[in-house]
Amino acid sequence: MLMPVTSEAFSLLHRGTWALALAERQGLCIDVAYCNKTIRRVERRIENTMGELQDSPLFAAGRKVYGRKFNPASNDHLAQILYSDLGYTPSKKTASGKASTDEESLRATGQADIVKLLECRKLEKIKTTYLGNFLKEQIDGVMHPFFNLNRVITFRSSSSSPNFQNIPNRDPEMKLLARQAIIPRPGHLLLCADYSGAEVRIANSYHHDPTMTTYNKDSSKDMHRDMALELFKLKPPQIIKPVRNIAKGKFVFAQFYGDWYKSCAEGMWQDVLNEDYAKLADGTPLLRHMKKVGIGTPEAFENHVKKVERSFWYTRFPVYAQWKEDWWEAYQNKGYFDTYTGFRCQTVMSRNDAVNYPIQGSAFHCLLWSLCRVTEISIRDNWKSRIVGQIHDEMVLDVHPSELELVVRTLHRVMERELVEHYAWITVPMLADVEGSPVDTPWSQKGKLDLSGIL
DNA sequence: GGAACTCGCCAC
DNA sequence: AAACGTGGCGAGTTCC
């Protein structure tokens with residue numbers, strides 16, 4: 001049973017449904033010509049790459065077993081050929097116990113043709129899930145993604161037809177190929193405003209750990225950097241962003257979600273092996289440094305991560321650790337918990353579920369509350385600018401240039417000031433990052449708009 | 001020929 | 001004791 005238990009929460013869902021319906025009706029413009037052109041280009045690239053693989057050992061073995069029906073896009077075929085016929089050992093299994101053929105497993109074989117196959121997988125994803133789906137969903141050059149408030153166990157939202165919440169962002173090539181398709185209305189620009197560190201700050205407002213509070217109040221402090229220093233035994237001048245990001249993604253967030261040192265150590269080790277980005281400020285490979293300081297083997301590193309994990313929870317954030325215990329205990333006694341935003345979650349949950357759901361849900365409610373406020377202001381004041389989408393802790397707007405300063409100032413005021421005045425339980429600052437693309441340029445240009453004159 | 005499933009992979 | 005949280009979607013496959 002999931003339901004609002006305060007009138008405040010009830011009202012948020014109603015206002016949220018209305019505000020998101022307006023965003024859905026507005027929709028986002030699609031560059032149809034670009035989509036068509038790029039789909040054809042991507043198809044040619046796939047054809048060429050597949051062509052290069054025709055005489056490869058992988059395809060030869062495939063045709064021997066399946067004849068003309070060999071399909072390199074079939075994971076069943078791939079598993080049969082690689083693991084039974086060519087004799088590679090599967091590095092892991094799927095949930096149902098079959099040999100896995102995901103990217104990590106394929107790379108682990110070291111088979112020479114795999115790289116090209118993975119390239120094709122990536123391009124297929126762009127062609128079908130993104131560009132193809134945009135074309136299918138657009139009407140007269142506008143697509144209208146849905147934003148659902150009733151589909152997610154944690155009280156987050158979901159999006160569909162098309163899903164606006166999983167458009168490539170990390171892989172630079174995929175980001176460009178997919179996001180060039182999304183454009184502002186003629187003469188407008190796309191703007192986005194996201195809550196930085198939303199879940200960390202909302203978690204902080206539940207557990208009140210003093211060390212975490214310091215990180216969130218003092219902008220000169222950097223938790224992920226501090227953890228990178230500890231995890232890889234580095235001195236401050238040695239560290240650069242990619243190494244910090246390994247610690248952030250594979251340790252800090254994983255730990256917050258309930259992971260443990262063994263799998264964290266494995267995940268980080270995979271990254272450490274990639275010398276393209278796992279290096280120090282002077283260019284030294286991170287792994288070479290780790291060998292020098294005695295954590296340069298998987299075993300030694302795992303052992304070290306075990307100790308870092310212990311100090312992370314027992315020394316650095318003991319109040320947070322205790323909050324997890326207390327929250328889990330209270331849930332087990334009552335059979336439910338209530339979020340600070342006024343929602344009851346009464347269902348069977350694991351320990352990780354019970355301590356993660358309230359954070360994930362409440363962080364989204366902060367975004368939703370802000371989105372409602374901005375929508376109401378935009379209607380009241382007859383803005384030409386409109387909210388057009390939302391990605392959990394970020395809202396996306398289609399903005400008329402004459403209103404740029406007004407919109408940016410409103411976003412900061414609502415997201416940073418009004419939100420924390422409204423939710424008195426928020427005990428650390430909430431910060432909004434606003435970025436945009438220049439007028440008449442696609443969403444791939446996010447960050448290129450100069451906003452330094454404003455604020 | 002469609003429903004339901006598995007798997008892989010994109011986002012936060 | 002347990003062991004990374006939440007979604008959507010396409011392709012391949014199986015079942016009816």
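Letters A, B, ... mirror the listed sequences (proteins, then strands); counts begin at 1. Side-chain atoms are counted along with the backbone in the values below, which use heavy atoms only and exclude waters and symmetry mates.
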Could one point to a donor on the side chain of A/K125 or the base of B/dC10 with an acceptor on the other under 3.5 Å away?
no
Between the side-chain atoms of A/Q165 and the base atoms of C/dG7, is any donor-acceptor pair under 3.5 Å?
no
Between the OG atom in A/S159 and the CD1 atom in A/I391, the distance rounded to the nearest 0.5 Å is 8.5 Å
Indicate, with a heavy-atom threshold strictly under 4.0 Å, whether A/S157 touches base, sugar-phosphate, or nothing.
nothing
A/F337 versus A/A354, closest heavy-atom pair with distance
CE2-O, 3.7 Å
Measure from NZ or CZ of A/R344 to the centre of the six-membered ring of A/Y336, then state whether that distance is under 6.0 Å and the direction lies within 45° of the axis.
yes
Base, sugar-phosphate, or nothing for A/S263, non-hydrogen atoms under 4.0 angstrom?
nothing
Is there a donor-acceptor contact under 3.5 Å linking the side chains of A/Y215 and A/R316?
yes
Would you say A/N133 reaches C/dG10's phosphate, i.e. side-chain N/O to OP1/OP2 under 4.0 Å?
yes
Taking the minimum atom-to-atom distance to the side chain of A/V152, which one of C/dG10, C/dC4, C/dT6 wins?
C/dT6
Among C/dC4, B/dT6, C/dG12, which is the nearest nucleotide to the side chain of A/Y257?
C/dC4
From B/dC7, B/dC12, C/dA11, nucleotide with atom closest to A/T128 side chain:
C/dA11
Counting only side-chain heavy atoms from C-beta out, which of C/dG7, B/dC7, C/dC9 sits nearest to A/S160?
C/dC9
With respect to the phosphate group of C/dT13, does any side-chain polar atom (N or O) of A/S74 fall under 4.0 Å of OP1 or OP2?
yes
Closest to the A/I391 side chain, choosing from B/dC12, C/dA3, B/dC10:
B/dC12
Looking at the side chain of A/R170, which of C/dC4, C/dT6, B/dA11 is the nearest nucleotide?
B/dA11
OP1 or OP2 of B/dC7 under 4.0 Å from side-chain N/O of A/T94
yes
State which of C/dG7, B/dG8, B/dC10 makes the closest approach to the side chain of A/S100.
B/dG8
How is A/I359 classified with respect to the nucleic acid when contacts are heavy atoms under 4.0 Å: base, sugar-phosphate, or nothing?
nothing
What do the steps show when you test A/Q180 against A/T38 for side chain to side chain donor-acceptor pair (under 3.5 Å), and what is the final call?
CA-CA 10 Å; A/Q180 269 184 297; A/T38 306; over 6 Å; no
Touch class at under 4.0 angstrom, heavy-atom based, for A/Y261 against every strand present:
nothing
So, do A/Y320 and A/F256 have ring centers that fall under 6.0 Å from each other?
yes
What's the CD-P distance between A/E124 and B/dC7, to the nearest Å?
20 Å
Just the rounded figure in Å: distance from P of B/dG8 to CG of A/D171.
19 Å
Distance check: side-chain N/O of A/Y357 vs OP1/OP2 of C/dT6, anything under 4.0 Å?
yes
Base, sugar-phosphate, or nothing: which does A/A254 touch, judged by heavy atoms less than 4.0 Å apart?
base
Looking at B/dC9, C/dT13, B/dC12, which one has an atom nearest to any side-chain atom of A/D393?
B/dC12
Distance-only side-chain donor-acceptor flag, A/H188 / A/D398, under 3.5 Å
yes
Ionic contact status for A/E173 with A/K122, cut-off 4.0 Å:
yes
OP1 or OP2 of B/dC12 versus the side-chain N and O atoms of A/N169: is any pair under 4.0 Å?
yes
Should A/N71 be listed as having a side-chain N or O under 4.0 Å from OP1 or OP2 of C/dG12?
yes
Rounded distance (Å) that lies between atom P of B/dT6 and atom CG of A/D76
13 Å
Given atom CD of A/E119 and atom P of B/dG8, what is their separation to the nearest angstrom?
19 Å
So if I take every side-chain heavy atom of A/R156 and compare against B/dC7, C/dG5, C/dG7, which nucleotide ends up nearest?
C/dG5
Whole angstrom is fine here: how far is it from NZ in A/K98 over to C1' in C/dG12?
10 Å
Spacing of A/F256 atom CZ relative to C/dA3 atom C1', expressed in whole Å
17 Å
Looking at B/dC9, C/dC4, C/dG8, which one has an atom nearest to any side-chain atom of A/N166?
C/dG8
Does B/dC9 have its OP1 or OP2 closer than 4.0 Å to a side-chain nitrogen or oxygen of A/R121?
yes
N/O (side chain, A/T129) to phosphate O (OP1/OP2, C/dC9) under 4.0 Å:
no
What is the nucleic acid contact for A/K262, judged by heavy atoms within less than 4.0 Å: base, sugar-phosphate only, or nothing?
nothing
Does A/S159 make a side-chain N or O approach to OP1 or OP2 of C/dG7 shorter than 4.0 Å?
no
For A/N356, answer base if it contacts any base atom (sugar-phosphate contacts may also be present), sugar-phosphate if it contacts only those atoms, and nothing otherwise; contact means non-hydrogen atoms under 4.0 Å.
sugar-phosphate
Phosphate oxygens OP1/OP2 of B/dC7: is one of them under 4.0 Å from a side-chain N or O of A/S96?
yes
Just how far, in rounded Å, is P of C/dG8 from OH of A/Y130?
14 Å
When rounded to whole Å, the CZ to C1' distance for the pair A/F164 and B/dC12 reads 13 Å
Would you say B/dG8 has OP1 or OP2 under 4.0 Å from some side-chain N or O of A/T101?
yes
Reckon A/E199 touches a base, only the sugar-phosphate, or nothing at all at heavy-atom distances under 4.0 Å?
nothing
